[in-house]
Enquirer: 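Encoded as structure tokens, here's the structure I'll be asking about.
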Amino acid sequence: MYINQLIPILAENQNKVDAVKMEKYMRNKFPFLGIRAPERKALMRRFYQETMILKEPFQVDFVFSLWKQAEREYQNAALDYIERSLKKLEKEHLSLIEKLITTKSWWDTVDLLASKAVGKITRDNPEVIDETIEGWATSDNIWLQRTAILFQLKYKQDTDEKLLYRYIQLHKDSNEFFIQKAIGWALREYSKTNSASVKRFIEGNKLAKLSIREGSKYLD
């Protein structure tokens with residue numbers, strides 16, 4: 001029901017000119033309707049008001065239905081819904097998030113899922129680190145690897161430093177741009193909380209130049 005209400009709202013606001021620009025920016029990996037972020041967010045607010053879906057239990061089928069749609073705005077809509085429903089996410093939803101991370105994967109979806117959804121579920125259920133995140137960190141899927149590195153991005157003083165550094169060390173020799181970038185991003189964010197520790201870590205480990213450059217941005 002909800003997917004059938006949202007599709008027309010987004011489809012009737014498509015812009016073919018902007019779609020071409022968006023597709024080019026995303027390396028033509030996904031088709032687009034051509035709805036810019038501010039307009040899409042306004043349309044989502046309208047959808048929430050019309051359906052009251054945010055007052056319902058978390059809608060797994062709705063998220064899956066959005067993820068199956070071709071145009072990228074539908075995955076963006078799913079992310080918007082997930083972000084607004086973080087309080088409803090439970091341990092049982094981690095399998096859903098893993099499916100989303102490994103399907104139609106790119107930084108625009110993976111990073112929000114990692115830092116928001118996985119971050120929230122893991123904070124509430126730390127046992128999933130041993131049960132699930134460890135497997136992601138050592139998997140062959142770069143997006144699961146990236147998620148393992150980034151899920152503590154918003155933890156600040158609650159960051160498990162040893163875990164963060166261990167996951168980084170697992171992948172410090174990676175030639176993959178998205179892994180090198182994730183390492184730098186994670187270090188940069190943690191440096192806002194513990195700059196001395198991050199500085200020691202960078203000086204004591206042979207990291208990719210990209211990781212060092214990104215991770216050192218806020219260091220003296």
Side-chain angles (χ1 to χ4, degrees), residues 25-26 37 76 79-80 82-91 93-95 97-98 100-102 105-220:
Y25 175 72
M26 294 294 284
N76 293 150
L79 295 177
D80 189 285
I82 290 171
E83 188 169 9
R84 287 174 175 264
S85 306
L86 287 177
K87 291 182 179 180
K88 300 175 185 177
L89 291 181
E90 303 291 346
K91 180 179 176 179
H93 295 122
L94 196 58
S95 59
I97 303 303
E98 180 174 355
L100 303 184
I101 290 169
T102 56
S105 310
W106 202 240
W107 62 265
D108 62 322
T109 55
V110 171
D111 291 357
L112 187 142
L113 292 168
S115 62
K116 297 292 183 67
V118 178
K120 189 273 181 186
I121 293 172
T122 306
R123 187 190 288 270
D124 292 348
N125 307 275
E127 68 274 12
V128 305
I129 293 174
D130 288 335
E131 296 172 355
T132 303
I133 308 299
E134 283 287 324
W136 292 1
T138 57
S139 76
D140 293 329
N141 186 295
I142 66 164
W143 301 109
L144 291 177
Q145 295 171 11
R146 184 173 169 102
T147 298
I149 293 168
L150 294 178
F151 83 90
Q152 297 189 87
L153 200 65
K154 305 300 181 182
Y155 280 21
K156 297 181 180 180
Q157 68 275 6
D158 295 327
T159 298
D160 184 332
E161 181 181 287
K162 290 183 179 179
L163 184 69
L164 172 64
Y165 291 164
R166 181 162 64 81
Y167 285 169
I168 290 174
Q169 287 171 326
L170 282 175
H171 301 290
K172 63 183 177 67
D173 296 324
S174 174
N175 293 321
E176 173 56 56
F177 170 84
F178 289 107
I179 297 301
Q180 294 181 3
K181 188 79 170 181
I183 289 172
W185 188 15
L187 290 173
R188 184 175 75 231
E189 281 299 302
Y190 187 49
S191 74
K192 298 176 184 178
T193 299
N194 194 337
S195 60
S197 175
V198 171
K199 186 174 183 179
R200 286 194 301 271
F201 181 81
I202 290 176
E203 291 174 347
N205 289 271
K206 188 176 181 181
L207 304 177
K209 291 181 179 178
L210 174 60
S211 300
I212 295 173
R213 184 168 66 250
E214 291 292 323
S216 302
K217 280 189 176 180
Y218 299 127
L219 298 178
D220 294 334

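Values below: all heavy atoms of this structure, side chains included; hydrogens, waters and symmetry mates excluded. Keep in mind that this is a model prediction, so the values were computed, not measured. One is the number of the first residue; the rest follow in order along the sequence.
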Enquirer: What are the two closest non-hydrogen atoms of L79 and D108, and how far apart are they?
Expert: CD1-O, 3.7 Å
Enquirer: What pair of heavy atoms forms the shortest contact from A182 to I149, and how long is it?
Expert: O-CG2, 3.8 Å
Enquirer: Just how far is it from atom CD1 of I179 to atom CD of Q145, taken to the nearest 0.5 Å?
Expert: 4.5 Å
Enquirer: Do the non-hydrogen side-chain atoms of I82 and L100 ever get within less than 4.5 Å of each other?
Expert: yes
Enquirer: Step by step, work out the salt bridge (charged side-chain N to carboxylate O under 4.0 Å, His left out) result for K217 and E189.
Expert: CA-CA 10 Å; K217 280 189 176 180; E189 281 299 302; over 6 Å; no
Enquirer: side-chain contact (heavy atoms from CB on, under 4.5 Å), that's the test. Do T147 and I97 meet it? Break it down for me.
Expert: CA-CA 11 Å; T147 298; I97 303 303; over 6 Å; no
Enquirer: With a 4.5 Å heavy-atom cut-off, do L163 and Q152 have their side chains touching?
Expert: yes
Enquirer: Does E176 reach the side chain of R146, with side-chain heavy atoms less than 4.5 Å apart?
Expert: no
Enquirer: Tell me, do L210 and I183 make a side-chain contact under 4.5 Å, heavy atoms counted?
Expert: no
Enquirer: Does some side-chain heavy atom of T102 sit less than 4.5 Å from a side-chain heavy atom of W136?
Expert: no
Enquirer: Between D158 and R123, is a salt bridge (charged side-chain N to carboxylate O under 4.0 Å, His left out) present by the stated rule, with each step listed?
Expert: CA-CA 9 Å; D158 295 327; R123 187 190 288 270; 3.1 Å; yes
Enquirer: So do I133 and V118 actually touch side chain to side chain, heavy atoms under 4.5 Å?
Expert: yes
Enquirer: When you check the side-chain N and O atoms of N205 and Q169, is any donor under 3.5 Å from an acceptor?
Expert: yes
Enquirer: Give, for atom OG1 of T132 and atom CG of N125, the distance between the pair rounded to the nearest 0.5 Å.
Expert: 10.0 Å
Enquirer: Could you give the distance from NZ (K172) to CD (Q180), rounded to the nearest 0.5 Å?
Expert: 12.0 Å
Enquirer: Looking at N175, I'd like to know if its CG atom is crowded, meaning that more than 12 non-hydrogen atoms belonging to other residues, nucleotides or ligands lie closer than 6.0 Å.
Expert: no
Enquirer: Can you tell me how far CG of D160 sits from OH of Y165, rounded to the nearest 0.5 angstrom?
Expert: 11.0 Å
Enquirer: For the atom pair CG (L113) and CD (E98), what is the distance rounded to the nearest 0.5 Å?
Expert: 11.5 Å
Enquirer: Do S197 and E161 have side-chain heavy atoms sitting under 4.5 Å apart?
Expert: yes
Enquirer: Partners of D140 by side chain to side chain donor-acceptor pair (under 3.5 Å), sequence neighbours excluded?
Expert: none
Enquirer: With side-chain contact (heavy atoms from CB on, under 4.5 Å) as the criterion, how do F201 and V198 come out once you've worked through the C-alpha distance, each side chain's angles and the decisive distance to 0.1 Å?
Expert: CA-CA 5 Å; F201 181 81; V198 171; 5.5 Å; no
Enquirer: Quick check: closest heavy atoms across L187 and I202, and the distance to 0.1 Å?
Expert: CD1-CG1, 4.1 Å
Enquirer: I'd like to know whether the aromatic ring centres of W185 and F178 sit less than 6.0 Å apart in this structure.
Expert: no
Enquirer: Parallel, tilted or perpendicular for W143 and W106, by the 30°/60° rule?
Expert: tilted
Enquirer: Under the side-chain contact (heavy atoms from CB on, under 4.5 Å) rule, what do L112 and E83 come out as? Steps first, then yes or no, please.
Expert: CA-CA 8 Å; L112 187 142; E83 188 169 9; 3.5 Å; yes
Enquirer: For a quick test of reading the model, state the closest non-hydrogen atom pair linking L207 to S211 and the distance between them.
Expert: CB-CB, 4.2 Å
Enquirer: Report the residues that fulfil ring pair (Phe, Tyr, Trp, His ring centres under 6.0 Å) with H171, sequence neighbours left out, ordered by chain and then residue number.
Expert: none
Enquirer: Looking at residues at least two apart in the chain, or sitting in another chain, which of them share a side-chain contact (heavy atoms from CB on, under 4.5 Å) with K156?
Expert: T193
Enquirer: Rounded to the nearest 0.5 Å, how far does CZ of R188 lie from OH of Y218?
Expert: 5.5 Å
Enquirer: Looking at S139 and L144, what are the two nearest heavy atoms and their distance?
Expert: OG-CB, 3.6 Å
Enquirer: Counting neighbours of NZ on K199 that are heavy atoms of other residues, nucleotides or ligands and sit closer than 6.0 Å, is the number greater than 12?
Expert: no
Enquirer: Have Y167 and E134 got a donor and an acceptor in their side chains that come within less than 3.5 Å?
Expert: yes
Enquirer: Taking the side chain as every heavy atom from C-beta outward, state whether S195 and L219 have any pair of such atoms under 4.5 Å apart.
Expert: yes
